[in-house]
Number of protein chains: 2
Amino acid sequence: MTKQTDAARAAEDVPASQAGAQQAGGRMCADDRRLQIVQVALRLFSERGFRGTTTKEIAQTAGVSEAIIFRHFATKDDLYTAIIDYKGCAGLGASPVSAAAERPVIEQVCHSVAAAVEGSDDLAVFEGIALSMLEHHRGDPDFLRLLMYLALENHSLAQLFWDKNVRVLYEFLGDYIRRRQREGAFRDVEPNAVVRVFVGAVIHHSLVNLLWDRDPARRIFDVSNEEAARGFAEIVLRGVAADPSAKDSDSK
Amino acid sequence: MTKQTDAARAAEDVPASQAGAQQAGGRMCADDRRLQIVQVALRLFSERGFRGTTTKEIAQTAGVSEAIIFRHFATKDDLYTAIIDYKGCAGLGASPVSAAAERPVIEQVCHSVAAAVEGSDDLAVFEGIALSMLEHHRGDPDFLRLLMYLALENHSLAQLFWDKNVRVLYEFLGDYIRRRQREGAFRDVEPNAVVRVFVGAVIHHSLVNLLWDRDPARRIFDVSNEEAARGFAEIVLRGVAADPSAKDSDSK
DNA sequence: CGATTACAAGTAAGTACTTACTTACCTTAG
DNA sequence: CTAAGGTAAGTAAGTACTTACTTGTAATCG
């Protein structure tokens, strides 16, 4: 009954190397099964935390017996690190478990930034970065949740993520602001303070959406990512604009 | 051996109604014991999460047998909610477990706001709120961590905390901004966007300090709370200031 | 070709241990 | 004495992980 339902849900996660003909409970080659278990475990860990998820639950959701989890992964911890590897955690030192692994977060952000920087339009830069981050967070909520768990548990991977992603973003934005200050476009404020406000707003927005604002009926942040990104960029940019009435010189 | 050490640590948490002569394992009146257990559990929960902390560990750290935890609290969940009550989680529906309980978070913020509002100085209001929040978070990191765990585990208490605290703050600031807009002091931006930027910056700052920036040698946010609060308030206020060169007119 | 073999994928039913919670019994202040 | 604070030693229900066994597939060989 529930097993049927779980098996059906698990089927969505099947890598689909020969999808369609495949039942969740059916036979599967080792790599596909491994990948499927990783994907199921990622979802469950991010929903209930590492300790809050049992290997039995993972097995049931994947539609297999518990024992085959331990055929593919020596321990539950092994499964945990396999997830991190699978997410290709921004060059965390490990190679992805599969070709399907996603690219590091920061690359996406930098790409969008690079494109925006071309026009040297401040609003486009900040809006682009904000939107890119918001979209990424919304598109992969599991990862954000997992990262929060990692950070709370003081896992070293969280520190590495900071260094490889957030720190890079901070330094990029800091440099950008300093440059614009030298060019006279921004007033003389502490660049890091501006960065903290901007990045803080974006991340906080994603976190609230992720953790608190799930029920659509009682949304407090009932704006699209586009609106939010634009709002953040506008307010922060106006906050650092060089001079009165010079505010619209660059944008639009 | 470890029991001795734990007992010594637990002694720090003893309410000290007749402190000094008290061994952790010694006899204690029910209220004191209850309070001590709550304090120990709060620390452990915030370090390892609810599921990651066993009642046995709590008992050992408190220097008592596991059974007395269940004399004072019917279930582990009961202990959990007692912690929330103890922290005076903004009238979550229960009265504090003891007279020593702290006041609700939001009250502290509102107090500081009320004081600042007197002078109707925008900068003082925003700076005051930011500083109050930052100081509160720094002074009680356990609570922030516990709250993050609550939110990640999708505990209903997290929702309640949102409603009773954050939402109140959001609405207060939103109303404040709308009022100042009507008075012509602020320009016509979406008030909620401003609030999100401001509150986001503050909370993000606290979270980063709590989760990532613990090692003083590699701090990225190496500013005092006062500096941070002032920086956040200045940038956001300048971002919503009504007119060029009107920035000092409002602080009458 | 069909039968045999080899082996990976899969499972049911454990094991050893931990968990939240209980029971029956002490101990001591008032 | 009595009642409340405290405990040692449980219990039932998990928990991660193992064992002994079955099945599907596909290459090998008479």
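Order of the sequence lines fixes the chain letters, A, B, ..., with proteins taken first and strands second; residue numbering starts at 1 for each chain.
Rounded to a whole Å, the NZ atom of B:Lys56 is 13 Å from the C1' atom of D:dG10. The NZ-C1' distance, from B:Lys76 to C:dC21, rounds to 12 Å in whole Å. Atom CZ in B:Arg34 sits about 16 Å away from atom P in D:dA4, given to the nearest Å. Atom-to-atom, CG of A:Asp32 to P of C:dA8 comes out at 17 Å; the value is rounded to the nearest Å. B:Asp31 has its CG atom 12 Å from the P atom of D:dG6, to the nearest Å. Atoms CD (A:Gln60) and P (C:dA12) sit 11 Å apart, rounded to a whole Å.
Between B:Ile58 and B:Val40, the closest heavy-atom pair is O-CG1, 3.8 Å.
For B:Glu227 (side chain) and B:Ser224 (main-chain N/O), a donor-acceptor pair under 3.5 Å exists by modelled atom type. At distances below 3.5 Å, at least one donor-acceptor pair connects side-chain atoms of B:Gln36 with backbone N or O atoms of B:Ala62. For the pair B:Ser206 (side chain) and B:Ile203 (backbone), a donor-acceptor distance under 3.5 Å is absent.
Nearest to the side chain of A:Val64, among C:dT11, D:dA16, D:dG6, sits C:dT11.
A:Asn209 and A:His205 share a donor-acceptor pair across their side chains, judged by distance under 3.5 Å alone.
End-to-end axis angle for the helix from C:dC1-D:dG30 to C:dG30-D:dC1, using five pairs per end and rounding to 10°, comes out at 10°.
Ring-centre distance between A:Phe50 and A:Tyr149: not below the 6.0 Å cut-off. For A:Phe232 and A:Phe198, the ring centers sit 6.0 Å or farther from each other.
Residue B:Arg51 qualifies as open at atom CZ: its count of foreign heavy atoms under 6.0 Å is 12 or below.
Of all the residues in residues 65-75 of chain A, A:Glu66, A:Ala67, A:Phe70, A:Thr75 reach under 4.0 Å from DNA chain D with at least one non-hydrogen atom.
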